[in-house]
Amino acid sequence: MADERLGEGFLPLEEPLDLEATLASGQVFRWRWRGRWAWGVLGEHGYGLRHEEGGLRFRTTAPSLAAAETELTAFLRLEDKLGAIREALAWDRPVARAMARLPGLRLLRQDPWECLVSFACSSASNIPRISRNLEALAETYGWGLGGPRGASPRLYRFPDPGRLAEAGPEGLRRLGLGFRAEYVAGTAAAVASGAVDLLALRGLAYPEARGALLTLPGVGEKVADCVLAFSLDKREAFPVDRWVRRSLEAWYGHGPRARYGELSSWAQDRWGEYAGYVQQYLFCWARDGWRDGQRGRKPG
DNA sequence: AGTCCACCTACATC
DNA sequence: AGATGTAGGTGGA
């Protein structure tokens, strides 16, 4: 395909940002590094991102740089002031340690549809496999975009619900989704039919939005909470996976048999609107082996 | 209502 | 080497 011309801009940042940690934090699965640039898709546009002193350098297929800045600001949740959040949570020692370890780790505001499919694919899976599954979905049923010159792999817009519903469970199974193919196809059909209006869930309170998601096949408590936290502006959502569960056991005295709902609502009572951020920090910190200090800096 | 288990599949470990 | 276990769960018995 012919190169699309990429606009280039610079977005000054007041907020800390660790792009590498954030894009690898299990919230998103389709960003790829080429040298110092991270390449991915936001909505209908391809983006290359590079963190520089004082801000974010970006390249984009978006028609206007202003539109790109708006899209990036929303995606990175730059309205969330990490410094203030960190202060508000400083009283909690394990959380403070986790935040000190990855100061620029941010919650993201992704596209709810891709986010929903991502986590419907995550059951009994792992990050490399989820990435492969989503990449296959995008390459097979999505639409190609511009990107880095001569880039391989190319960038693809994620297929809309109608397209995946049409593909059906058989088509999706061929891409290696396994038993998740039924989940994704069923969820795609429900969303395509209008039974669940994902964007409208942003306007609902957490319990109502969660209830709507739980009607979808392949969407249980954990998947619903991930979608709510990572794409639907519900910062109080607290997804509990193995790593977070381990953290709650290790640092807060919860038993290994504690039920999901017990842990999740305990976390919401404790951390309130910041529960989602806490979850993300505890998750990354646990996966990182509970090491202290700032990443990339030699101790002492 | 709480508990157990099958489900695809790649990869690691036994 | 082939068996067994596990990986960011869900749904059904």
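What you see below is based on every heavy atom in this structure, not just the backbone, and it leaves out hydrogens, waters and symmetry mates. A note on names: the letters A, B, ... follow the listed sequences, proteins ahead of strands, and every chain is numbered from 1.
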Legend entry - Whole-Å gap separating C1' (B:dC8) and CD (A:Glu170): 16 Å

Inset, instruction - Determine the sole option in A:Phe238, A:Tyr260, A:Trp271 for which the ring-ring contact (aromatic ring centres under 6.0 Å, His included) test with A:Trp266 is passed. - result: A:Trp271

Inset, instruction - Using the P atoms only, state how far C:dG2 lies from B:dC8, rounded to an integer number of Å. - result: 25 Å

Legend entry - Hydrophobic cluster membership, A:Leu107 vs A:Trp243, 4.5 Å side-chain cutoff: yes

Inset, instruction - Please state the P separation for the pair B:dA10 and C:dG11 - nearest whole angstrom. - result: 24 Å

Legend entry - Protein-nucleotide distance (A:Tyr260, atom OH; B:dA1, atom P), rounded to Å: 20 Å

Legend entry - Step-by-step side chain to side chain donor-acceptor pair (under 3.5 Å) determination, A:Ser264 to A:Glu221: CA-CA 10 Å; A:Ser264 192; A:Glu221 295 181 297; over 6 Å; no

Inset, instruction - Assess whether side chain to side chain donor-acceptor pair (under 3.5 Å) is satisfied between A:Asp225 and A:Tyr206, documenting all intermediate values. - result: CA-CA 9 Å; A:Asp225 283 332; A:Tyr206 168 78; 2.7 Å; yes

Inset, instruction - Could you check whether A:Leu214 gets within reach of a base, just the sugar-phosphate, or nothing at all, counting any heavy atom under 4.0 Å? - result: nothing

Inset, instruction - Determine the contact category for A:Val244: base if any of its heavy atoms lies under 4.0 Å from a base atom, sugar-phosphate if only primed atoms, P, OP1 or OP2 are that close, otherwise nothing. - result: nothing

Inset, instruction - Using a heavy-atom cut-off of under 4.0 Å over every strand shown, decide if A:Pro239 touches base, sugar-phosphate, or nothing. - result: nothing

Legend entry - Ring-base stacking, A:Phe179 with B:dC8 (5.5 Å, 30° cut-offs): no

Inset, instruction - Would you mind classifying the nucleic acid contact of A:Arg245 as base, sugar-phosphate or nothing, using non-hydrogen atoms under 4.0 angstrom? - result: nothing

Legend entry - Between C1' of C:dT10 and CG of A:Asp241, the distance in whole Å: 15 Å

Inset, instruction - Identify whether any heavy atom of A:Glu182 sits under 4.0 Å from a base atom; if not, whether one sits that close to sugar-phosphate; answer base, sugar-phosphate or nothing. - result: nothing

Inset, instruction - Pick base, sugar-phosphate or nothing for A:Ser25, based on heavy-atom distances below 4.0 Å to the nucleic acid. - result: base

Inset, instruction - Provide, to the nearest angstrom, the distance between the CG atom belonging to A:Leu177 and the P atom belonging to B:dT9. - result: 10 Å

Legend entry - Listed nucleotide nearest any side-chain atom of A:Arg129, set C:dA7, B:dT9, C:dT10: B:dT9

Inset, instruction - Would you kindly confirm whether A:Phe158 and A:Leu23 end up in one hydrophobic cluster when ILVMFWY residues are joined by side chain heavy atoms under 4.5 Å apart? - result: no

Legend entry - Selected nucleotide, minimal atom distance to A:Arg259 side chain, candidates C:dT10, B:dA10, B:dT3: B:dT3

Legend entry - Atom-pair distance (CD1 on A:Ile130; C1' on B:dC11), nearest Å: 15 Å

Inset, instruction - For C:dG11, take OP1 and OP2 only and decide whether either is under 4.0 Å from a side-chain N or O of A:Arg180. - result: no

Inset, instruction - Kindly point out which of C:dA7, C:dG9, B:dG2 is positioned nearest to the side chain of A:Lys222? - result: C:dG9

Legend entry - Between B:dC4 (C1') and A:Arg257 (CZ): distance, integer Å: 10 Å

Inset, instruction - Remember a base hit wins even if backbone is also touched, and classify A:Phe283 as base, sugar-phosphate or nothing at under 4.0 Å, heavy atoms. - result: base

Legend entry - Consecutive Watson-Crick or G-U pairs in runs of at least 3, all under 3.5 Å, in which DNA chain C is involved: B:3-7 with C:9-13, B:9-14 with C:2-7

Inset, instruction - Assign A:Ile127 to base, sugar-phosphate, or nothing according to its heavy-atom contacts below 4.0 angstrom with the strands shown. - result: base

Inset, instruction - Rounded to whole angstrom, note down the P distance from B:dA6 over to C:dT4. - result: 14 Å

Inset, instruction - Among the candidates B:dC8, C:dT10, B:dA10, find the nucleotide nearest to the side-chain atoms of A:Arg173. - result: B:dC8

Inset, instruction - Take A:Tyr141 and A:Tyr156 through the ring-ring contact (aromatic ring centres under 6.0 Å, His included) test and state the conclusion after the steps. - result: CA-CA 9 Å; A:Tyr141 296 108; A:Tyr156 291 85; over 10 Å; no

Legend entry - Rounded distance (Å) that lies between atom C1' of B:dA10 and atom CZ of A:Arg132: 6 Å

Legend entry - Distance between P atoms of B:dT9 and C:dA1 (Å, rounded): 25 Å

Inset, instruction - Measure up the A:Trp285 and A:Trp251 rings against each other and bin them: parallel (under 30°), tilted (30 to 60°), perpendicular (over 60°). - result: parallel

Inset, instruction - Return no unless some side-chain N or O of A:Arg242 is found under 4.0 Å from OP1 or OP2 of C:dG9. - result: yes

Inset, instruction - Could you grab the distance from atom CZ of A:Phe10 to atom CD of A:Glu69, nearest 0.5 Å is fine? - result: 10.5 Å

Legend entry - Interatomic distance, A:Asn126 CG vs C:dG5 P [rounded to whole Å]: 18 Å

Inset, instruction - Starting at CD1 of A:Ile130, measure out to OG of A:Ser123 and round the result to the nearest 0.5 Å. - result: 9.0 Å

